[in-house]
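Proteins get letters first, then strands, A, B, ... in listed order; numbering begins at 1 in each. Computed over heavy atoms, backbone and side chain alike; hydrogens, waters and symmetry mates excluded.
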Amino acid sequence: MKWIVTSAWPYASDVPHLGNLIGSILSADAFARYHRLVGDEVVFVSGSDEHGTPIEVEAVRRGVSPKDFASANHKRISELFKAWGISFDNYTETESPTHIEFVRDHYMKVYRNGYVFTQVERVHYCPRDKRFLPDRFVEGTCPHCGFRPARGDQCDNCGRPLDSVELIEPYCVLCGGKTELRETTQWFFDLPKLSDYIMDYLERAELSENVVNFSRSWVRAGLRPRSLTRDSEWGIKAPFPGAEGKTIYVWMEAVLGYVSAIIEYFRVQGRPQEWRDYWLNPEAKTSFFIGKDNIPFHSIIFPALLKASGENYNEPNLISSTEFLTFEGQKFSKSRRIGIWIDEALELLPADYWRYALISMRPETGDVDFGWGVLEEKINAELNDAIGNFANRTLIGVQRFAEGRFELSRAELSPKYAQSLEAILRRHRDIGECYAKAEFRSSCRLILEQATEANRFLSVEEPWRLARTDRRRSLEVLYVALNALKALAVELEPITPRLADEIIAQAGFFRKRGGKPLWDDVSIEDDLPIEPKNVAPIVRKISAVELKAKLEELRTRKTQGKPPR
RNA sequence: AGCGGGGUAGGGGAGCCUGGUUACCCCGCAGGGCUCAUAACCCUGAGGUCGGUGGUUCAAAUCCACCCCCCGCUACCA
């Protein structure tokens, strides 16, 4: 099976925080890794979203070009993802020539097919900065409650959503000067024309419940045309006749990266036509990992854009959206420094510790609160005590009770223990099903159950005692334990790849495949004789109090030396 | 206001769609066991009117209605 796996594109204005990561990239990575394990052909892509006014403005503020600013951030973010063990086949950027070319071609197709029209709008313009201002960059007095300053998109006092044109005495956020309203022509995507198609798609596709509910309510309320262009310098030049000086609105451009990133991947591989086997092949599957704020773009606008091009693209098959992660009861906030950012996290703990904690508490059914206490609990009680310790006691068991060389074969196993193996396999299959459905919390729960059961098995069977009284039977017990360990290693691979590899290396599993795990091969028959090497604990406990202090120290050091991000 | 999500032992979560044996898991708490392993692991126990009220049903945490509380979104933030 061919799988396109994608995650939402991080905005390149800053390093992502843990909430950004779990919602999209980390979830997608677990999914991609699982599908590779079962032998699917996976292409996993994403990229940095580099265009748009916020980046342009931030770059100007720092006295660098938007391109340099975005590109520097892109490099930094890519490196961080590598350090996090994210297994992208292509992590690209919206400034990529392939992307720019694709977007322009795509919109010309959409245009020729009659899905684009123009409309004159009145938009705020700052004569001093010589730029048109998005709603966020205009403030003024709220027409509803008189509060000042109310932001152009919403009033912070009364909470009413606003249209920036309604603001009384509006001013430019950048320079504080008075704005004026100017007429400007914008190009629009005729989304309503595709309402029937979208409704039909939503019925047909196997999307998760929250995605379908949310999307349907949008369509029922009536789809509106989507503005496609902006009067902004920093972006992809709009290709439409007469649209000189306009750029494509970032939202409407970045989603097309799901296609362009796959094209680019195969170009780099030297097989420039092969992307068609993925995007234009009805046998291939597509999957999208996003936060809930992003649903309509993926379930409505993106499929509509694909359809409007007239090409036979695959539709999004699996859209997995998460709720939000909060940090110690509050929203992650860049300006107030609430939360942990993915660069800081790695200075505190190995990536796999974070990966385990985040995936096991992935906000699948509702918002989830992340805090130091929960982190400590997850790592110490689950990853260390249950999983890590089981690995250790099993491998040391082989060294002590089998003199370091284990070679009992399955045929010699008594029926009772053969049943224990069955139970392990059954759970292994269940875990696989959870991964396939992108229900990672359940995967984690069952993995923990696998470890707990295995621990119980050892406690009940007491191979350390059997070693003295019934050596043969103690080996049978070890057989089952080793099998559970192999299953665990494979099951952990999508979540904590390095820990999984560590178990595989210490035990010598998958030697015939160079240590590369395979989902369906959890029998240890091919691994015999098993001679554990360099056996050592794979996880160590953490202290939340120390970590918290360390983070604070880290931040103090940073703000002293360099300007804040 | 509208829409979406949530309210389950002291804390954190699953179960609800596809009603049905003693409501499950993790932490914490109280006893006990084991001593292979990482002050680890295993067992037993205490602790719940499953947000409220009413309804459907032989049977409701689960389905329906109304109400209360929390969170998010509402299309130009990306």
Side-chain angles (χ1 to χ4, degrees), chain A residues 8-14 49-55 121 123-124 132-138 151-154 160-165 186 191 209-211 213-218 220-221 223-227 230 249-251 254 291-297 300-301 323-324 326 329 331 360-361 363-369 371 373-374 376-378 380-382 384-386 388-401 441-442 444-446 448-449 451-452 454-467 474 477-478 481 535-541:
Chain A
W9 289 41
Y11 196 56
S13 61
D14 195 8
D49 182 359
E50 296 174 305
H51 298 135
T53 310
I55 284 182
E121 289 201 312
V123 178
H124 286 275
F132 284 92
L133 300 166
D135 283 356
R136 267 274 179 102
F137 289 87
V138 186
R151 289 183 295 138
D153 52 348
Q154 186 180 30
R160 303 272 272 280
L162 303 175
D163 187 327
S164 63
V165 178
Q186 298 299 3
L191 187 59
E209 205 179 304
N210 59 342
V211 172
N213 287 344
F214 192 88
S215 309
R216 271 200 205 131
S217 69
W218 252 54
R220 281 204 205 100
L223 295 175
R224 305 184 208 161
R226 301 292 306 202
S227 143
R230 288 289 181 278
Y249 175 40
V250 276
W251 266 118
K292 66 177 166 185
D293 51 332
N294 238 326
I295 292 174
F297 267 91
I300 295 174
I301 296 171
E323 307 289 308
F324 289 136
T326 54
K331 282 179 77 172
S360 68
M361 60 191 301
E364 290 176 359
T365 51
D367 291 355
V368 166
D369 189 43
V374 198
E376 189 178 85
E377 184 187 317
K378 291 271 169 201
N380 290 355
E382 299 181 8
N384 181 73
D385 294 349
N389 183 45
F390 170 71
N392 196 234
R393 70 197 293 214
T394 301
L395 293 178
I396 287 184
V398 171
Q399 295 185 326
R400 292 186 58 161
F401 315 128
R441 290 189 82 166
S442 295
C444 281
R445 208 178 51 242
L446 290 172
L448 190 62
E449 196 179 298
T452 302
N455 273 318
R456 177 176 301 143
F457 179 79
L458 285 183
S459 294
V460 170
E461 299 297 334
E462 300 182 296
W464 50 91
R465 196 174 50 191
L466 291 171
S474 79
V477 172
L478 278 182
V535 176
I538 54 167
V539 187
R540 64 181 159 69
K541 293 212 189 201

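- Side-chain proximity of D293(A) to A78(B), C26(B), G72(B): nearest is A78(B).
- Here, A61(B) and U8(B) have their C1' atoms 7 Å apart, quoted to the whole Å.
- Taking atom P on both G52(B) and U57(B), the two are 23 Å apart, rounded to the nearest angstrom.
- Nucleotides G19(B) and A59(B), compared at atom C1', are 8 Å apart to the nearest Å.
- Distance, F390(A) CZ to C34(B) P: 22 Å, rounded to whole Å.
- No side-chain heavy atom of F132(A) sits under 4.5 Å from any side-chain heavy atom of R230(A).
- Across all strands shown, F401(A) has heavy atoms under 4.0 Å from sugar-phosphate atoms exclusively, and none from any base.
- Relative to the side chain of D49(A), the nucleotides A78(B), A75(B), U38(B) differ in distance, and A78(B) lies closest.
- Residue contacts shown for R540(A) are absent, as no nucleic acid heavy atom lies under 4.0 Å away.
- Relative to the side chain of L448(A), the nucleotides U38(B), A78(B), C26(B) differ in distance, and C26(B) lies closest.
- Taking atom CD1 of residue I301(A) and atom C1' of nucleotide A75(B), one finds them 8 Å apart after rounding to whole Å.
- Straight-line distance between the P atoms of C29(B) and C34(B): roughly 22 Å, to the nearest whole Å.
- At the heavy-atom level, E382(A) lies under 4.0 Å from the strands shown only through sugar-phosphate atoms.
- Residue contacts for E121(A): at a heavy-atom cut-off of 4.0 Å it reaches a base atom on one of the strands shown.
- Ring pair W251(A)/F297(A): centre-to-centre distance below 6.0 Å.
- Nucleotides A30(B) and A46(B) place their C1' atoms 7 Å apart, quoted to the nearest Å.
- Listed candidates were A75(B), C77(B), C26(B). Nearest to the side chain of P54(A) is C77(B).
- Residues L458(A) and R393(A) form a side-chain contact, since some pair of their non-hydrogen atoms from C-beta on lies under 4.5 Å apart.
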Table of protein N/O atoms under 3.5 Å from nucleotides 41-45 of chain B N/O atoms:
residue, atom, partner, partner atom, Å
C41(B), O2', R393(A), NH1, 2.9
C41(B), O2', S459(A), OG, 3.0
C42(B), O4', S459(A), OG, 3.1
C42(B), O3', R456(A), NE, 3.3
C43(B), OP1, R456(A), NE, 2.4
C43(B), OP1, R456(A), NH2, 2.7

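- Summarising the geometry, the separation between OH on Y249(A) and P on A75(B) is reported as 10 Å, rounded to the nearest angstrom.
- Using N1 to N3 plus N6-O4 or O6-N4 for Watson-Crick, or N1-O2 and O6-N3 for G-U wobble, each under 3.5 Å, A65(B) pairs with U53(B).
- The residues D367(A) and K331(A) are annotated as not salt-bridged, no charged nitrogen and carboxylate oxygen being separated by less than 4.0 angstrom.
- Proximity note for E323(A) (side chain, C-beta onward) versus A78(B), G5(B), G72(B): the nearest is G5(B).
- Contacts of V250(A) with the nucleic acid, taken as non-hydrogen atoms under 4.0 Å apart, involve only primed sugar atoms and P, OP1 or OP2.
- Contacts of K378(A) with the nucleic acid, taken as non-hydrogen atoms under 4.0 Å apart, are absent.
- Protein atom CG of N294(A) is 18 Å distant from nucleotide atom P of G72(B), rounded to whole Å.
- Put simply, the side chain of R441(A) and the base of A14(B) share no donor and acceptor less than 3.5 Å apart.
- Between Q399(A) and V535(A) there is a side-chain heavy-atom pair separated by less than 4.5 Å.
- Nearest-nucleotide positions on RNA chain B place V374(A) closer to the 5' end than the other of V374(A) and E377(A).
- Within the shown strands, C73(B) is the pairing partner of G2(B) under the Watson-Crick or G-U definition, both distances less than 3.5 Å.
- The side chain to side chain contact (heavy atoms under 4.5 Å, CB included) search around R400(A) returns I396(A), not counting sequence neighbours.
- With P as the reference atom, C50(B) and G20(B) are 16 Å apart, rounded to whole Å.
- Atom C1' of nucleotide G7(B) and atom CG of D369(A) are separated by 15 Å, given to the nearest angstrom.
- Counting distance only, with no hydrogens placed and no angle test, the side-chain atoms of R445(A) and the base atoms of A14(B) include no donor-acceptor pair under 3.5 Å.
- Partner assigned to A39(B) is none, using Watson-Crick or G-U wobble distances below 3.5 angstrom.
- Taking 4.5 Å as the limit, every side-chain heavy atom of V368(A) sits out of range of all side-chain heavy atoms of T326(A).
- Comparing the C1' positions of U22(B) and U44(B) gives a spacing of 15 Å, expressed to the nearest Å.
- Counting only heavy atoms from C-beta outward, the side chains of Y11(A) and P54(A) approach each other to under 4.5 Å.
- The residues R441(A) and E364(A) are annotated as not salt-bridged, no charged nitrogen and carboxylate oxygen being separated by less than 4.0 angstrom.
- Nucleotides G7(B) and G51(B) have their C1' atoms positioned 6 Å apart, rounded to a whole Å.
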